[in-house]
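Notes follow once the structure below has been shown.
Nothing here was measured: the structure is a model prediction, and the numbers come from that model.
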Amino acid sequence: MTDAAALPGQPRGGVLSGPATERAVNVLAPNASAMTLDGTNTWIVAEPDSDLAVVIDPGPLDDGHLRNVVDTAEKAGKHIALTLLTHGHPDHAEGAVRFAELTATRVRALDPGLRLGDEGLAAGDVVTVGGLELRVVPTPGHTADSLSFHLPADRAVLTGDTVLGRGTTVVAHPDGRLGDYLDSLRRLRSLTVDDGVHTVLPGHGPVLDDAQGAVEFYLAHRAHRLAQVETAVENGYQTPAQVVAHVYADVDRSLWPAAELSVRAQLDYLSEHGLI
């Protein structure tokens with residue numbers, strides 16, 4: 001068995017649902033799959049001595065899960081006062097409207113089409129609820145509307161799908177762009193270096209206790225994949241499907257459609273930089 005401390009980001013073992021930091025509790029959605037790993041992590045975040053909480057990514061439109069989130073907060077003596085979205089993919093955001101009905105909360109997101117209420121989210125915003133402080137960090141690349149939330153009191157960052165608890169994420173071309181994604185990873189790395197962030201609370205998979213190690217791994221992985229794609233094109237593999245079959249030959253074929261999105265993003269990046 002592999003020691004978790006030896007894996008990128010030092011993922012925690014054990015049950016995913018439950019307290020992760022002093023202020024963050026995960027409620028795991030029952031939507032496990034090859035793409036969502038164990039399921040979507042729905043985060044309840046609150047100051048320990050406050051009766052107000054924020055929920056990040058209600059998850060899929062699953063009434064049982066949404067009610068479980070509400071019940072989990074209420075059992076901890078918390079009233080959900082606000083809903084935030086890291087991005088608009090259905091496994092994170094499809095349940096937001098129903099969740100807003102259950103909790104009578106606003107939904108704040110970068111994409112105006114996902115908001116319920118007048119307030120959106122933008123770079124530099126600081127969300128404050130019941131003494132809790134969440135700083136909005138733009139992290140486009142997986143999607144154009146991807147955001148992360150810096151939780152300084154716990155030296156943590158909630159990353160949605162930008163950094164996962166296990167494996168690597170998809171650059172969802174054409175909405176997602178590789179150049180943006182690399183910039184976002186560098187932005188997250190600066191949080192670990194300059195702001196003392198050491199914990200990643202991801203949208204899927206286990207909590208990571210070595211945030212800097214996780215981000216460095218992601219950057220190295222992307223550089224390696226980009227070099228592989230560039231070499232494949234030089235060797236005559238021209239279409240995205242051909243590149244996937246060559247570069248991702250060791251990856252489960254059920255994941256090849258997702259891998260093709262990343263390859264398309266990599267091909268665009270290489271073309272934009274005059275490398276192919």
Side-chain angles (χ1 to χ4, degrees), residues 17-29 40-139 143 145-162 191 197 199-204:
S17 283
T21 66
E22 187 177 6
R23 292 164 180 80
V25 173
N26 181 31
V27 182
L28 183 65
T40 300
N41 294 333
T42 294
W43 292 101
I44 303 171
V45 190
E47 283 296 313
D49 59 354
S50 173
D51 62 353
L52 298 179
V54 174
V55 164
I56 298 173
D57 289 351
L61 185 54
D62 180 309
D63 216 59
H65 170 64
L66 300 177
R67 291 182 183 277
N68 188 26
V69 175
V70 175
D71 290 345
T72 301
E74 290 180 347
K75 288 175 183 176
K78 309 293 185 185
H79 169 73
I80 297 167
L82 180 65
T83 302
L84 305 177
L85 298 177
T86 61
H87 65 296
H89 278 167
D91 56 313
H92 293 258
E94 188 181 33
V97 172
R98 174 60 179 150
F99 191 70
E101 293 174 353
L102 290 172
T103 58
T105 58
R106 294 167 295 140
V107 177
R108 295 181 63 181
L110 178 62
D111 183 349
L114 297 171
R115 301 172 191 168
L116 290 176
D118 296 331
E119 284 189 283
L121 292 169
D125 284 353
V126 178
V127 178
T128 56
V129 173
L132 179 76
E133 179 182 296
L134 289 166
R135 300 174 184 174
V136 178
V137 182
T139 48
T143 60
D145 69 329
S146 287
L147 299 171
S148 295
F149 298 99
H150 178 199
L151 177 56
D154 282 348
R155 297 172 64 192
V157 61
L158 297 105
T159 54
D161 282 357
T162 299
L191 285 181
V197 166
T199 303
V200 173
L201 306 176
H204 302 279

Nearest heavy-atom approach of Leu147 to Leu85 is CD1-O, 4.2 Å

Where is the tightest heavy-atom contact between Ala20 and Leu201, given as atom of each residue plus distance?
CB-CD2, 4.0 Å

Can you tell me how far CZ of Arg108 sits from CG of Asp118, rounded to the nearest 0.5 angstrom?
11.0 Å

Nearest 0.5 Å please: distance from the CG atom of Leu151 over to the CD atom of Glu22.
9.5 Å

Please give me the minimum heavy-atom distance between Ser146 and Thr162, naming the atom from each residue.
CB-OG1, 4.1 Å

Which distance, rounded to the nearest 0.5 Å, do you find between the CH2 of Trp43 and the CZ of Arg23?
14.5 Å

Could you pull out all residues at least two apart from Asp62 that satisfy side chain to side chain donor-acceptor pair (under 3.5 Å)?
none

For His65 and Pro60, the nearest pair of non-hydrogen atoms, with its separation, is CD2-CD, 4.4 Å

Rounded to the nearest 0.5 Å, how far does CG of Asn41 lie from CG of Asp91?
10.5 Å

Val127 vs Glu133, side chain to side chain contact (heavy atoms under 4.5 Å, CB included): CA-CA, chis, key distance, verdict
CA-CA 6 Å; Val127 178; Glu133 179 182 296; over 6 Å; no

Point-to-point distance, once rounded to the nearest 0.5 Å, from OG1 of Thr42 to CD1 of Ile56:
10.0 Å

Quick one: which of Asn26, Leu158, Thr159 gives a side chain to side chain contact (heavy atoms under 4.5 Å, CB included) with Pro202?
Thr159

Side chain to side chain contact (heavy atoms under 4.5 Å, CB included) filter on Leu116, not counting sequence neighbours, yields Val97, Ala100, Val107

Pairwise distance CG(Asp145) to CG(Asp111) - rounded to 0.5 angstrom
5.5 Å

Val69 versus Ile44, closest heavy-atom pair with distance
O-CD1, 3.6 Å

Passing candidate, side chain to side chain donor-acceptor pair (under 3.5 Å) with Thr83, options Asp57, Thr105, Thr103:
Thr105

With distance as the sole test, does Arg115 use its side chain to make a donor-acceptor pair with the main-chain N or O of Ala109 at under 3.5 Å?
yes

Between Phe99 and Val70 the two heavy atoms that sit nearest each other are CE1-CG2, 3.7 Å

Flag, side chain of Thr21 to backbone of Ala24, donor-acceptor distance under 3.5 Å:
yes

Show, in sequence, the C-alpha distance, side-chain angles and deciding distance for Phe149 and Val157, and conclude whether the side chain to side chain contact (heavy atoms under 4.5 Å, CB included) test is met.
CA-CA 6 Å; Phe149 298 99; Val157 61; over 6 Å; no

For Lys78 and Val54, indicate whether the former's side chain and the latter's backbone hold a donor-acceptor pair under 3.5 Å.
no

Could you go through Asp161 and Thr86, starting from their C-alpha distance and side-chain angles, then the distance that decides it, and tell me whether this counts as side chain to side chain contact (heavy atoms under 4.5 Å, CB included)?
CA-CA 8 Å; Asp161 282 357; Thr86 61; over 6 Å; no

Ring pair (Phe, Tyr, Trp, His ring centres under 6.0 Å) involving His87 - partner list, sequence neighbours excluded:
His89, His92, His142

Would Arg67 and Asp71 pass as an ion pair if we require N to O under 4.0 Å?
no

Please report the C-alpha distance between Arg106 and Leu82 in whole Å, then the side-chain angles of each, then the deciding distance to 0.1 Å, and finally whether the side chain to side chain contact (heavy atoms under 4.5 Å, CB included) criterion is met.
CA-CA 6 Å; Arg106 294 167 295 140; Leu82 180 65; 3.7 Å; yes

